[in-house]
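These notes are about the structure you will find just below.
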Amino acid sequence: MTTEVGSETEVKKEPEKAEEQPAEPERSAINQTDEVKVVEAAEQSNESPALATDSAEAKENQEAQPADNATGPEGEEPPASPPASEKKGISRFLPPWLKRQKSQSVVGPKESQVTPKEEGGVVLVNGEGEKAEQAKAEQTSSTTTAEPQVEEEQVNGEAEPEQKEEVNSEEHAENHSTGSAETQPAKEEKASEKSQEKSAAEEEKKETEEGGEKKDQEESLKPEGGRYFIKSPLKLTKKVKMVMCHVIMLDGSQFPCEVEKRAKGQYLFFKVCEALNLLEKDYFGLSYKNADQMCWLDPTKEIKRQICNPSWQLAFNVKFYPPDPSQLTEDITRYLLCLQLRQDIVSGRLPCSFVTHSLLGSYSLQAELGDHDPDEQRLDYISDFQFAPSQTKEMEEKVVELHKTHRGMTPAQADTQFLENAKKLSMYGVDLHHAKDSEGVDIMLGVCANGLLIYKDRLRINRFAWPKILKISYKRSNFYIKIRPGETEQFESTVGFKLPNHRSAKRVWKVCVENHTFFRLMTQEAPTKAKFLTLGSKFRYSGRTQAQTRQASTLIDRPAPYFERTSSKRISRSLDGAPVINMIEAQDSAPTSVGNGREPGLELSSDSSKVEEEPSERAAATPTEGTEMKRDEPDSSQQSGKLRVQGENIYVRHSNLMLEDLDKTQEDVLKHQASTSELKRSFMEATPEPRPSQWEKRLTASPATSLRQQAQGRSPPPTTQEPLSDLTVDTVSKSSDDKQKSDETTLQAAEVEIEETVVVEKIRVAPKGSVTITTPEVVVTPVAVETEVEKPEEEVIEEVIEEVKEEQKRPVSVSSDSHSESEEEAGEYHPQVTVSTSVEQIKEEPEEEEKEEVDNHEEPEQVSEPEPLPEVEVETMPSPAVVEETPMAEPETALVVDAPAEEERTEDILVTPEEAPNGHAEDQPGLVAVEEEEEEEEPRVNGDASHAETERIPQVICCSEPPVVKTEMVTISDTFAAQKTEIATKEVPIVHTETKTITYEAAQLDGSGDGEPGILMTAQTITSESLCTTTTTHITKTLKGGLSETRIEKRIVITGDSDIDHDQALAQAIKEAKEQHPDMSVTRVVVHKETELAEEGED
Amino acid sequence: MASVLPYGCFTHAVVRGIPETFGKVDNEETTTDLAKAQRQFGVLTGALRQKVGLQLIEIPADPELPESWRIEDVAVIQGDTALITRPFIQQRRREAEAVRRVMSELNLTVVELGAEEGGSVGATLEGSDVLFTGREFFVGISSHTNHRGAEVLADTFRDFTVSTVPVCEGTRLKNICSMGGPDTIIISNSDGAKKTLRMMEQLTDHHYEVLTVPEGAAANCVYVRGPSKVDYLLHPPTEECPDSVPAFQKLTDYTLLPTACSEASKLGGHLSSFCLLINRKPYF
């Protein structure tokens, strides 16, 4: 299986590239050859018999290509192929999420195996002779870090993409090329080129072989992000696709670097730093441009996930401007910083006065030219340099005049002086972003070492130092900061800004996260705070903080490396790429055009790509990333005793800064469906029984254990107090299986992100809810659902903003007190004994078009639907699942009443009833496929009941999305509205049903160990129903370590269509719960939403 | 560069004499004593020249410009750049002519706030709404100074952060605060001043010592660091602000120079209104 999975994932990726590449297959430039190479590699993979068998999807995506490659047989892949083929058949029909699950789960362990194959592939791609390959392979096999070699070789062999077996002769190669040429016209040309280049390439190979060992040693330093290959001679069949990166260095030169297509950003970055001989690299980063936005390459992610452009053009830049450059250890670091600043100055990003331009220019001259030479023509030598965006003769004269005064100054001293002056500039190290305030006025957000600066037309109108910021969040295109109340203020305030779009909002958020982490967390004022800072797993600053890097710098013990100072003449060239925001231009430039070279990037450049890639990426990367993350996490999370979860949203209580990634767009939802479904699966599988002991076990098993313990410690009712003011939300992997941990964690992270918005809203409503609310929403159109959910939040925000403005842009104090109040009410609501469950069902009206179609089929169904489950109204259910699910559904309802633990089930069950009635699915052609899907799903469904408890885990945000069911028949019945909901399926619409579960838990700090189950004293269940809500209350008394705990779990099922304000209903439910039990605290809120997606969003 | 020297290092002071039309603007209510005003002006200039040791440049009074003595309003000077401002009151804009000439003679780079048309339309800025701390500018948005004026200032002095603060009390920013040392801000005790101070503290990246004085009139002083590193502080005398003098005495090692400006203060003026302080010593 594992091999299959690996191959599958690979295959998926390959087709993508292959498709992409053909577009610009052949121009003669080297770059192009590289690209072609990649393309060809992809093709080869497809062509080779082994691969072809492996890749079910590859075939689907691409037309079968002649498999003339002998490589297939040579490789080890054949064994893998059979299973793959099996899978292939199924996989076609499997819903995307299913596939991903498998891949994810399997990928972790198997990665090592997969990679070797790739390596083999690499060799082939390089076109080196078999001998060479084998030799190489041997070398690599001996060392785990074979990668360097591979790269080297690849670099050498760039010219000849397709030559698979060079031994055979050029003719052979040509044949291949022609064969491939069929598919891609461009290749024909290439073939000829190849033959020519071949010889050169071979020579290079030899070199590489010779130098191989050395390289290996060198590469042992290789970044963690890099891939380690185990090469075995046998595994030559698979090729690693290499991609040519072009990195523009600070001196304007180009640094070509070939990296494996799947390499992470880190690898390339380290390569660049290595080339620069740079040790203090934490201040730097690689930036790239996506859709005119400059983004930072995330070192922990694969490059290809981040860069949309087929050509990998990056730039090496300063990411964190050290406030005091004199504290840098090495001159080379200062030199690079100088280069960056010169760029900034010339581009206008760093505005200076005339005098400053002149002074800095004079230091640049001194550093690069040495003492002023009076014999030299005064202005001749100088006019080649650029000192300012617009440079006048007068300025040049001034520069020369000042240059004379620097006589005797060494280059290093001149650099130091340069920096000493530059650092005082007001915009030094300020990363500007266009934004609007709540009134729609154009402003600029400046992120810097000290905090967040707000500018309006060059004027600073506000400033939020990091210590003053409690939380940073973004939601859609809004960016929010929560401000610590001032001395005179009682309430925290939230300030919101509107960014041009969602991505720019996220980008600002990321920059803030990074800058805060890097600069703020080093300070000795709050050493512990660093530990508390936790970022969503999806993104957090993974590098060292400034404090750490300073510490590390002190250990640098090497003679100052020699480096050549290049003329700043070059600077002007390098500037071209990056759009620059400068304050002066800010007014004029449209707010939408946000481009700042220094800004960190979105992890995934395009949303669409995100959908597909994230899951697979995680799966593929799991082994490496997972381990890495784990390594890192202990530092921050465990030391602090804070929750460190890999989930997207992590709220850390007491942390100096809470960073919140609220990002829930529909796109995201779609994107994460797959991963969510994964979660759900694991979630369901996890705990068979509702008993406290069970979930506690899980807790211990899961990475977030420490967190939970703290959280539970609080469970004793009286204890809850101020600590709760900040909600701690953790994403915990709920699988009891250790094996799956890593996978699941990552998966969960993804899911969390999806639901972030919801979480936030809920939080506001009921900050510390122990009330578990299950809200399945069945929505025909996913969009509608989300919007509904989100609206309430926005309103809140807007209000806040308005207030802010009223106060002349001072932070407005918005009462966040609700949190504390809820906390105080305290702690008796324990997740374990969830009494009431509420399920919300939102019925949405199908789009009119659909309705008409549906009418034919569904009218009968509508009638039937409500009947099966009186308690729950299910609106839109995929028909296919009906048969199997139906049985499940009924039990679930029962469960709700009886067993507290089964909140989640309810959701699934709810879905099923509808589906069942809708039995139309059978009529339709797609039935077979559907059935298969269902089979896959069934286990999960079954598991649901058992896993319901997972949600109760304290401090955990569980987000699980149930499997997406593709149904040919869609029945949409709006029970409430009594609207006709018929979708006649001419085209056999496929409906995705999406279920989200969000668990919101209040952190409980008290030390009482959660790990222990306690003794169940009493349990009782009460059920009540109202119009659209069904409330099930389950009260459990437990004896734990001498303390008796009373847990009330309420499950509220809210059923309704889009007209119902679910948030309000939820808020109401929570409120009621609080009122009923004033002496208890809400510790957990689980929101389960069921949504139906009209489209196949994912693949 | 960006202020290599701490605040207060000045070499020159530019002042303008008290015209006979002093106090005869449009506020007939306030009765000012011209002779007394001129005496106080003489004391001030004498202190600047003889005690502090600045080179004094006195622009002759112009009877047609009754407010020309408030020379501070007309220009903002930092380093070798002088921004000629545009006072809110139309009639005062002619005051700039003489000042502009002097700036040029001092080899300062003269920057105009801008033509009546163009980018700075409607921009008004008066020097008494600008507090330069040596590290950054605070521009008080008041009845006399607007955002556009502040923008021009920011564009002129690009090395520095220019922050805007509301002027909640008094008509000018410098009515409620002034510099009392390289890192010291003297500010009045009123609520409005506190509000402004809070905003300044929020906006700044630096830390300033704050000397709070109980009387508003005492909040405006003139600080100069003399050539021999002596700290001079010109402040209103005990007669004008009896409660605040003890606060000034907390400034250790300062040479305090009580200087009366009671007549000017009747017109909303203050000590710093009388002079433009300039440093002509190149600092690099």
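Just so it is clear, the model here is predicted, and its values are computed rather than measured. Proteins get letters first, then strands, A, B, ... in listed order; numbering begins at 1 in each.
With sequence neighbours excluded, the residues satisfying ring pair (Phe, Tyr, Trp, His ring centres under 6.0 Å) with His403(A) are His372(A).
Using a 4.5 Å cut-off on side-chain heavy atoms (C-beta onward), Met199(B) and Asn462(A) make contact. Using a 4.5 Å heavy-atom cutoff, the side chains of Asp205(B) and Arg463(A) are in contact. The side-chain heavy atoms of Lys468(A) and Gln202(B), taken from C-beta on, include a pair separated by under 4.5 Å. Inter-residue side-chain proximity for Asp80(B) and Val355(A) is flagged as met; some heavy-atom pair is nearer than 4.5 Å. Two residues are said to be in side-chain contact when any heavy atoms from C-beta on lie closer than 4.5 Å; Asp457(A) and His147(B) fail this criterion.
In this structure, Ile454(A) CD1 and Ser163(B) OG are separated by 12.0 Å, a value rounded to the nearest 0.5 Å. Note that CZ of Arg458(A) and OG1 of Thr161(B) are 14.0 Å apart. Values are rounded to the nearest 0.5 Å. Distance check, rounded to the nearest 0.5 Å: CZ of Phe157(B) to OG of Ser426(A) gives 13.0 Å. Annotation: the span from Leu203(B) atom CG to Phe464(A) atom CZ amounts to 9.0 Å, rounded to 0.5 Å. Atoms CG and CZ, on Leu459(A) and Phe137(B) in that order, are 12.0 Å from each other to the nearest 0.5 Å. Here Phe138(B) contributes atom CZ and Arg460(A) contributes atom CZ; the two are 8.0 Å apart, rounded to the nearest 0.5 Å.
In this structure, the portion of Thr204(B) lying under 4.5 Å from any heavy atom of chain A is its backbone and not its side chain.
By the 6.0 Å contact criterion, OH on Tyr232(B) is enclosed, its count of non-hydrogen atoms from other residues, nucleotides or ligands being greater than 12.
A salt bridge is absent between Asp159(B) and Lys424(A); no separation between the charged side-chain nitrogens and carboxylate oxygens falls under 4.0 Å.
Shown here for Arg158(B) and Ser353(A), the closest heavy-atom pair between the two residues is CB-N, 4.0 Å.
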